[in-house]
There are 2 protein chains.
Amino acid sequence: MTRTTGTEGRPLVPEELSDRVDCLLSKVAEAVRKDTDATFASLDIRGAHHSVLRMLGVCGPLAQKDLAARLRVDSSTIVDLVDQLEGRGLAERRRDLKDRRVYLVELTESGQRLLAAADERVGGLRRDVFAALSAAEYEQLRGLLDKLSTRWTTSA
Amino acid sequence: MTRTTGTEGRPLVPEELSDRVDCLLSKVAEAVRKDTDATFASLDIRGAHHSVLRMLGVCGPLAQKDLAARLRVDSSTIVDLVDQLEGRGLAERRRDLKDRRVYLVELTESGQRLLAAADERVGGLRRDVFAALSAAEYEQLRGLLDKLSTRWTTSA
DNA sequence: TATTGTTATACTCTATAACTATA
DNA sequence: TATAGTTATAGAGTATAACAATA
């Protein structure tokens with residue numbers, strides 16, 4: 001006798017929780033994050049690293065505090081990420097001569113090359129991970145999430 | 001001289017990463033999860049606990065493995081949640097007489113009452129956390145996430 | 001004093017591997 | 001051998017608090 005496993009109910013979030021959109025949101029977000037990390041994996045970085053590389057590439061040398069504020073993460077989170085990038089020679093810390101408490105972080109040439117390579121894969125995310133959505137639906141999703149996000153947007 | 005912090009750029013995800021919808025998705029999902037936990041906090045449970053209570057309330061006594069499969073989480077994740085619910089007298093484990101490897105988990109009367117109280121707060125989530133979205137937009141979001149989720153849906 | 005960066009800690013979510021009791 | 005449950009560990013995300021160096 002085979003016990004019923006309950007696995008046949010296929011939706012990512014079970015019908016019993018269909019009124020809990022937060023569940024659907026977190027399950028989808030987690031799955032997307034993993035696929036995103038997989039997209040960058042052959043470059044030996046994760047999505048979070050690409051975010052840092054991109055920010056440094058666009059906004060030039062930044063203090064870690066600025067980097068954290070711009071990426072909307074805690075300063076302590078940045079330390080590990082920059083450690084990892086620096087360990088691989090993709091970014092460098094150097095003292096700010098005007099304020100020696102500050103470490104300015106900037107991309108190395110190697111980091112700039114990796115950023116360019118990583119940027120090329122972003123299109124793949126749209127194509128593969130979000131393949132189920134048409135262009136219009138994709139923009140709809142972005143718009144809805146953006147609208148929703150105003151609730152937690154820094155007002156200062 | 002005041003250093004530029006970069007905090008004035010208010011969107012939850014910075015413009016430099018506007019092509020990374022996965023970032024927006026995970027930031028929003030995390031924020032929603034916290035607000036959801038806050039919604040249930042006065043009942044001294046988190047959203048995850050409500051999910052378990054609901055599943056037990058709707059599907060009756062379940063083996064932990066079934067519970068895990070239905071909630072789409074790992075069996076090891078269930079252990080802690082059931083431990084916590086059992087510790088508060090909201091659920092009980094009892095041996096399955098037909099297969100003594102199995103613990104059947106079921107709600108206590110206290111658990112049923114708490115489930116009812118928690119269910120009443122779900123509407124508040126829709127009203128408060130998703131306040132920025134109209135009814136139509138809310139359903140649109142649900143539909144888009146659902147469409148997207150088919151990518152990771154268990155096909156077996 | 002206040003700020004930058006660092007470290008340690010903690011708490012969420014997730015899952016894998018190894019162990020036990022049982023089948 | 002295979003399965004149910006448990007435990008330990010680990011990796012992703014988040015953040016807070018304390019500390020050294022510097023302003």
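Just so we're clear, the structure is a prediction, and the values are computed from it rather than from any experiment. Below, chain A is the first sequence line, B the second, and so on; all start at residue 1.
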Self-check item: Main-chain N/O of A/Gly47 paired with A/Ser51 side-chain donor or acceptor, under 3.5 Å
Solution: yes
Quiz item: Quick one: A/Ile78 CD1 to C/dT7 P, roughly how many Å, whole number?
Solution: 15 Å
Exercise. Please tell me which of the listed nucleotides, D/dA15, D/dG13, D/dG5, lies nearest to the side chain of B/Val102?
Key: D/dG5
Quiz item: Roughly, in whole Å, what's the span from CG in A/Asp22 to P in C/dT12?
Solution: 16 Å
Practice problem: Answer yes when B/Lys27 and B/Glu30 have at least one side-chain N-carboxylate O distance shorter than 4.0 Å, and no when they do not. | Solution: no
Quiz item: Given atom NZ of A/Lys65 and atom C1' of D/dA23, what is their separation to the nearest angstrom?
Solution: 13 Å
Quiz prompt | Polar side-chain contact A/Ser75-C/dT4 base: donor and acceptor under 3.5 Å | solution = no
Quiz item: Taking atom P of D/dT6 as reference, at what distance in whole Å does atom CG of B/Asp83 sit?
Solution: 7 Å
Quiz item: If you take all heavy atoms of A/Val129 and B/Arg151, which pair is closest and at what distance?
Solution: O-CD, 3.5 Å
Practice problem: Would you mind reporting whether B/Glu92 and B/Val105 have side-chain heavy atoms less than 4.5 Å apart? | Solution: no
Please write out the pairs of protein N or O atoms and N or O atoms of nucleotides 21-23 of chain C separated by less than 3.5 Å, giving the distance to one decimal.
from   : atom 1 : to       : atom 2 : distance (Å)
C/dA23 : OP1    : B/Arg100 : N      : 3.0

Quiz item: Within a strict 4.5 Å, meaning less than it, do heavy atoms of the B/Leu53 and B/Ile45 side chains meet?
Solution: yes
Exercise. Decide, yes or no, whether a salt bridge links A/Asp19 with B/Arg54 under the criterion of side-chain N to carboxylate O below 4.0 Å.
Key: yes
Quiz item: Heavy-atom contacts under 4.0 Å between residues 42-58 of chain B and DNA chain D, which residues?
Solution: none
Exercise. Between C/dT12, D/dA15, C/dT14, spot the one nearest the side chain of A/Val73, thanks.
Key: D/dA15
Quiz item: So does A/Ser76 reach the base of D/dT16 with its side chain, donor to acceptor, closer than 3.5 Å?
Solution: yes
